[in-house]
Amino acid sequence: MFKIIAIALIGFGIYLGINYTDEINSIVESDGFEQVQEKLGDLFENKDAIIEKFEEIKG
């Protein structure tokens, strides 16, 4: 049963990828998406500082 669900989800993902390729590419290449990627990259690079700040606030 699990295999059937997994295959169905993979098939659905392939279907979406084929039918909406142009829309997906336009979203991924947009400036807003790139800004989000940069912010997430900065967040992961500074995670130690953020954890220390939370510990300071915590007490």
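Bear in mind the structure is a predicted one, so any value in this text is a computation, not a measurement.
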Ile27 reachable from Val36 in the ILVMFWY side-chain graph, under 4.5 Å edges: no
Spacing of Lys53 atom NZ and Glu55 atom CD [to the nearest 0.5 Å]: 12.5 Å
Between CD on residue Glu38 and CG on residue Asp42, distance to nearest 0.5 Å: 7.5 Å
Heavy-atom pair of closest approach, residues Ile50 and Leu43: CD1-CD1, 3.1 Å
Atom pair CE (Met1) and CD1 (Ile4), whose distance is rounded to the nearest 0.5 Å: 6.0 Å
Asn25 CG to Tyr20 OH distance, which is reported to the nearest 0.5 Å: 15.0 Å
Value rounded to 0.5 Å, distance of CG in Asn19 from CD1 in Ile14: 12.0 Å
Cluster link Val28 to Leu16, ILVMFWY, side chain under 4.5 Å: yes
Heavy-atom pair with the smallest gap, counting every atom of Glu29 and Glu34: O-OE2, 3.7 Å
Value rounded to 0.5 Å, distance of NZ in Lys3 from CD1 in Ile7: 8.0 Å
